[in-house]
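By convention in this document, chain letters (A, B, ...) are assigned in the order of the sequence lines, proteins followed by strands, and residues within each chain are numbered from 1. Just so it is clear, the values below take in all heavy atoms, side chains as well, and ignore hydrogens, waters and symmetry mates.
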2 protein chains.
Amino acid sequence: MKIGQLAKVSGCSIQTIRYYEKEGLLNPPSRSEGNFRLYDEKALKELEFVKHCRSLDIPLIDIKTLLELKNRPEESCSSINDLIAKQLDLVNQRIKELKVLKSELQIMKKACSSDNTVERCGIMKTLEV
Amino acid sequence: MKIGQLAKVSGCSIQTIRYYEKEGLLNPPSRSEGNFRLYDEKALKELEFVKHCRSLDIPLIDIKTLLELKNRPEESCSSINDLIAKQLDLVNQRIKELKVLKSELQIMKKACSSDNTVERCGIMKTLEV
DNA sequence: CATAGACTCTATAGTTGCTATAGGGTCAAG
DNA sequence: CTTGACCCTATAGCAACTATAGAGTCTATG
């Protein structure tokens with residue numbers, strides 16, 4: 001199958017597929033006589049793996065690591081565990097930050113009603129520290 | 001005060017201050033004979049305003065809008081209210097997404113103990129869709 | 001006065017993960 | 001042959017910084 005079809009099936013854009021190939025996340029596929037990329041079922045599976053990892057906010061560099069490990073079945077999977085734990089920490093941290101942010105924004109929202117001028121705006125006063 | 005001092009007092013890096021000036025968030029300050037930027041108390045206040053907005057994840061383009069409004073005290077502050085409401089929505093949305101992500105990662109974390117090989121790794125099996 | 005080190009300047013490139021665009025080639029159907 | 005859909009590579013752009021290169025300024029010290 002050609003890249004457009006792969007894009008359709010995977011839900012990943014053509015440019016992104018090419019980008020992933022360039023970044024080493026996907027293997028360069030075989031080519032047609034016209035130099036079109038030709039993908040098989042294995043390539044689709046690999047792309048879906050990458051895409052799944054991305055949906056977990058795992059950075060590309062770490063996805064590459066996972067892909068390498070995937071090709072070494074006899075190796076210890078402790079680094080996979082570490083990677084997921086790290087990702088979980090980052091997510092927890094970000095949730096915490098966003099909750100603080102949310103509180104601030106909620107307070108600010110209450111500091112002003114719609115019928116003010118800028119100089120009387122409670123939000124603006126808060127922003128001015 | 002020169003830029004290094006402003007950076008120290010504000011907690012904002014020298015490069016970021018220059019970047020904000022370049023992007024139009026801060027006014028170009030006066031210069032010394034040696035062409036060094038010279039900042040006064042007003043400039044510090046303006047930088048702190050920008051920095052506070054950034055801490056709320058407000059994009060620079062919107063901060064510029066807020067700064068413009070700040071210079072128009074007689075204008076209605078409804079757009080300020082809208083901006084904060086929008087920001088709150090974005091934050092709420094992102095929190096929601098991260099919670100889904102967290103759940104997935106927690107499930108994955110439980111799918112594997114440390115003493116496996118890659119081929120037996122529950123996490124890897126999950127990633128493989 | 002000379003020197004050295006701290007500070008400052010502008011310009012440019014890089015980071016991450018895409019996304020868009022330009023200019024040109026391939027392919028199949030009419 | 002023409003046309004339109006698809007494909008190719010290269011490059012630039014996005015957001016918000018951040019780093020680096022090469023050069024100038026300034027102050028304290030010998």
Side-chain angles (χ1 to χ4, degrees), chain A residues 1-40 43 47-67 83 86-87 90-91 94 97-98 101, chain B residues 1-39 43 47 49-67 83 86-87 90-91 94 97-98 101:
Chain A
M1 103 182 98
K2 281 179 289 188
I3 196 167
Q5 180 67 12
L6 183 68
K8 269 208 190 67
V9 172
S10 64
C12 209
S13 78
I14 291 175
Q15 286 114 319
T16 302
I17 295 171
R18 288 203 198 105
Y19 174 69
Y20 287 161
E21 183 190 318
K22 188 174 171 229
E23 294 297 314
L25 293 168
L26 299 177
N27 295 313
S30 60
R31 300 284 184 124
S32 70
E33 277 195 29
N35 203 31
F36 287 12
R37 290 168 173 81
L38 299 176
Y39 296 97
D40 57 14
L47 177 57
E48 275 170 345
F49 181 90
V50 175
K51 203 159 163 287
H52 191 180
C53 293
R54 283 302 300 135
S55 75
L56 299 171
D57 271 359
I58 300 177
L60 297 194
I61 191 70
D62 287 345
I63 299 175
K64 277 170 88 174
T65 301
L66 289 175
L67 285 164
L83 198 154
K86 180 185 77 176
Q87 200 61 18
L90 289 174
V91 168
R94 188 64 187 142
E97 289 164 8
L98 286 173
L101 189 39
Chain B
M1 112 180 90
K2 281 179 290 186
I3 196 168
Q5 182 65 12
L6 183 67
K8 268 206 191 64
V9 172
S10 64
C12 210
S13 77
I14 292 174
Q15 285 113 322
T16 302
I17 295 171
R18 288 202 198 106
Y19 175 68
Y20 286 161
E21 182 190 318
K22 188 173 171 230
E23 294 298 316
L25 293 167
L26 299 178
N27 295 312
S30 59
R31 300 284 184 125
S32 71
E33 277 195 28
N35 202 33
F36 287 11
R37 291 169 173 81
L38 300 175
Y39 296 96
L47 177 57
F49 180 91
V50 174
K51 203 159 163 291
H52 190 182
C53 293
R54 283 302 299 133
S55 76
L56 299 171
D57 271 1
I58 300 177
L60 296 193
I61 192 70
D62 288 344
I63 299 174
K64 278 170 90 177
T65 300
L66 289 176
L67 285 165
L83 198 155
K86 179 185 77 173
Q87 201 59 22
L90 289 174
V91 168
R94 188 62 186 144
E97 289 164 7
L98 286 173
L101 188 39

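Counting only distance, with no hydrogens or angles, the side chain of E21(B) and the backbone of N27(B) share no donor-acceptor pair below 3.5 Å. When atom types are taken as modelled, the side chain of S10(A) and the backbone of L6(A) share a donor-acceptor pair closer than 3.5 angstrom. Looking at K64(A), its side chain does come within 3.5 Å of a backbone N or O of E23(A) through a donor-acceptor pair.
OP1 or OP2 of dT8(C) has not a single side-chain nitrogen or oxygen of R37(B) nearer than 4.0 Å. Residue Y20(A) places no side-chain N or O under 4.0 Å from the OP1 or OP2 atom of dG17(C).
As a whole-Å value, the separation of I3(B) CD1 from dC7(C) C1' is 11 Å. Computed from coordinates, the K64(A) NZ to dT16(C) P distance equals 11 Å when rounded to whole Å. If you measure from atom CE of M1(B) to atom P of dT8(C), you get 12 Å, rounded to the nearest angstrom. To the nearest angstrom, C1' of dA28(C) lies 15 Å from CD of E33(A). In this structure, the CD1 atom of I61(A) is 8 Å from the P atom of dT16(C), given to the nearest Å. The separation between R54(A) atom CZ and dG17(C) atom C1' is 6 Å, rounded to whole Å. The distance from atom OH of Y39(B) to atom C1' of dC9(C) is 11 Å, rounded to the nearest whole Å. The interatomic distance linking K22(A) (NZ) with dC18(C) (P) rounds to 14 Å, in whole Å.
Mapping Y19(A) and F36(A) onto DNA chain C via the closest heavy atom, the residue that lands nearer the 5' end is Y19(A). Along DNA chain D, the nucleotide nearest I58(B) and the nucleotide nearest R31(A) are compared for position; the residue whose nucleotide lies closer to the 5' end is R31(A).
Protein chain B contacts DNA chain D over a range whose 5' and 3' limits, counting nucleotides with an atom under 4.0 angstrom from a non-hydrogen atom, are dA16(D) to dC26(D).
Across every non-hydrogen atom of R94(B) and L98(A), the tightest pair is CG-CD1, 3.5 Å. Residues I14(B) and G4(B) share a closest heavy-atom pair of CD1-CA, 4.0 Å.
In the set dT8(C), dC9(C), dT19(C), the nucleotide with an atom closest to the side chain of Q15(A) is dT19(C).
Looking at residues two or more places apart in sequence or on another chain, you find no salt bridge (charged side-chain N to carboxylate O under 4.0 Å, His left out) involving E48(A).
V50(B) pairs in a side chain to side chain contact (heavy atoms under 4.5 Å, CB included) with only one of the listed residues (I58(B), L66(B), I63(B)), which is I63(B).
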